[in-house]
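Below you'll find the structure, written out as structure tokens, and then a few comments.
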Amino acid sequence: SVWCRVRTRTKNHRIMKSILFVINTFSDIGGHYYSLVTTATALSMQYRVYIVNVGEKPAPIISNTDIPHSYVYSDLKNQGSVTRQITRIVKSQHAEVIHAFDQVSYFLSFFTAWRCGIPLVATKCGGPVSPNYPYINNIVVFTKEDQTFFNSKLNCNESQIALIPNRVIP
């Protein structure tokens, strides 16, 4: 669809990509919320960024950021409604890339990305990697151990995995 590929012009008429971050708040507030805000803030210098917070309650760090954001209520029983809401936000923000910041967000964003014909990127934050981790075409990891896991266990090639050890500068 054309609406999934629209670009936004900046003041100097340069074309700027639009990235939609999706994160869930079904667990306690953790470090991955800070990693998301740090990453989105750094990318906002070159891209238009927007954050969608999905869960039973909004994450305070996201609610208090200057980055444009939305909160979508979910109890994980209303996945169809959440997916439709994410699709509406993709349309309204003219997102060209969806960046899911956890497995639940990846699951909720997968259909939207497919339907819009836009890339889906995932970030694997800290913690152990489950052997049942879904196959992901494009993934960002923060540790060398995760990079090694995805290279060997999922047969990913190195171009599909971005290692950002300090969470901002590759």
Side-chain angles (χ1 to χ4, degrees), residues 1 3-8 16-127 129-130 132-142 146 150 160-162 164 167-168:
S1 298
W3 57 264
C4 289
R5 302 185 200 290
V6 173
R7 293 182 183 211
T8 303
M16 181 181 270
K17 265 195 188 255
S18 181
I19 303 170
L20 183 86
F21 288 94
V22 182
I23 192 166
N24 89 73
T25 51
F26 293 107
S27 62
D28 292 332
I29 302 303
H32 71 294
Y33 304 112
Y34 293 94
S35 295
L36 166 64
V37 170
T38 301
T39 302
T41 300
L43 288 173
S44 72
M45 305 300 177
Q46 293 182 309
Y47 303 96
R48 246 182 89 232
V49 298
Y50 193 90
I51 299 172
V52 178
N53 178 182
V54 177
E56 294 178 317
K57 62 185 185 281
I61 187 166
I62 295 170
S63 298
N64 295 328
T65 186
D66 291 334
I67 295 173
H69 57 276
S70 293
Y71 167 68
V72 175
Y73 173 79
S74 177
D75 58 8
L76 284 181
K77 295 177 186 168
N78 62 336
Q79 296 169 9
S81 171
V82 170
T83 301
R84 284 189 297 278
Q85 289 179 66
I86 292 171
T87 301
R88 279 195 284 279
I89 295 169
V90 165
K91 289 179 183 183
S92 70
Q93 294 301 314
H94 307 292
E96 294 181 274
V97 175
I98 299 175
H99 189 136
F101 236 74
D102 51 69
Q103 281 182 273
V104 172
S105 298
Y106 181 82
F107 172 75
L108 293 170
S109 301
F110 184 84
F111 178 73
T112 298
W114 174 79
R115 183 175 180 182
C116 294
I118 61 176
L120 176 60
V121 176
T123 289
K124 180 356 191 129
C125 292
V129 179
S130 163
N132 300 323
Y133 207 86
Y135 177 80
I136 298 172
N137 286 332
N138 302 297
I139 189 161
V140 175
V141 296
F142 293 145
D146 286 342
F150 286 105
Q160 296 170 297
I161 303 170
I164 306 176
R167 289 171 166 66
V168 177

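In this chain, numbering begins with 1 at the start of the sequence shown.
- For Asp146 against Cys125, the heavy-atom pair with the smallest separation is OD2-O, 3.7 Å.
- Taking each heavy atom of Glu96 and Pro119 in turn, the nearest pair found is O-CD, 3.1 Å.
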Discussion item. With side chain to side chain contact (heavy atoms under 4.5 Å, CB included) as the criterion, how do Ile139 and Gln160 come out once you've worked through the C-alpha distance, each side chain's angles and the decisive distance to 0.1 Å?
Written reply: CA-CA 6 Å; Ile139 189 161; Gln160 296 170 297; 5.8 Å; no
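- Looking only at side-chain heavy atoms (C-beta outward), Ile136 and Lys124 stay at 4.5 Å or farther from each other.
- The one candidate from Ile98, Val97, Asn137 that meets the side chain to side chain contact (heavy atoms under 4.5 Å, CB included) condition with Leu120 is Ile98.
- Between Ile19 atom CD1 and Ile51 atom CD1 the span is 11.0 Å, to the nearest 0.5 Å.
- Around atom OH of Tyr71, more than 12 heavy atoms belonging to other residues, nucleotides or ligands sit under 6.0 Å away.
- Annotation: salt bridge (charged side-chain N to carboxylate O under 4.0 Å, His left out) contacts of Asp102 (sequence neighbours excluded): none.
- When all heavy atoms are compared, the tightest approach of Thr25 to Tyr33 is CA-OH, 3.3 Å.
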Practice prompt. Decide yes or no on side chain to side chain contact (heavy atoms under 4.5 Å, CB included) for Phe21 and Leu43, but give the supporting numbers first.
Written response: CA-CA 11 Å; Phe21 288 94; Leu43 288 173; 3.7 Å; yes
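- Taking Tyr50 as the reference, Leu20, Val52, Pro68, Ser70, Ile89, Gln93 meet the side chain to side chain contact (heavy atoms under 4.5 Å, CB included) condition, with sequence neighbours excluded.
- Using modelled atom types, one finds a donor on one side chain and an acceptor on the other under 3.5 Å when comparing Thr112 with Thr87.
- The two residues Ile164 and Phe142 come nearest to each other via the heavy atoms O-CD2, 3.2 Å.
- His32 approaches Asn24 most closely through the heavy-atom pair NE2-O, 4.0 Å.
- We find the CD1-CZ distance between Ile86 and Phe111 to be 11.5 Å, quoted to the nearest 0.5 Å.
- Rounding to the nearest 0.5 angstrom, the gap separating the CG atom in Leu108 from the OG1 atom in Thr83 is 5.5 Å.
- Evaluation of the side-chain hydrogen bond (donor to acceptor under 3.5 Å, both in side chains) rule for Ser109 yields no partner, not counting sequence neighbours.
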Can you list, pair by pair, the side-chain donor-acceptor contacts under 3.5 Å of residues 58-67, counting residues two or more places apart and other chains?
unit_1	atom_1	unit_2	atom_2	d
Ser63	OG	Ala59	O	3.3
Asn64	ND2	Pro60	O	3.1
Thr65	OG1	Ile67	N	3.3

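- No donor-acceptor pair closer than 3.5 Å links the side chain of Tyr106 to the backbone N or O of Val121.
- Residues meeting the side chain to side chain contact (heavy atoms under 4.5 Å, CB included) test with Phe107, sequence neighbours left out: Gln79.
- Residues forming a side chain to side chain contact (heavy atoms under 4.5 Å, CB included) with Asp75 (at least two apart in sequence, or on another chain): Glu56, Tyr73, Lys77, Asn78.
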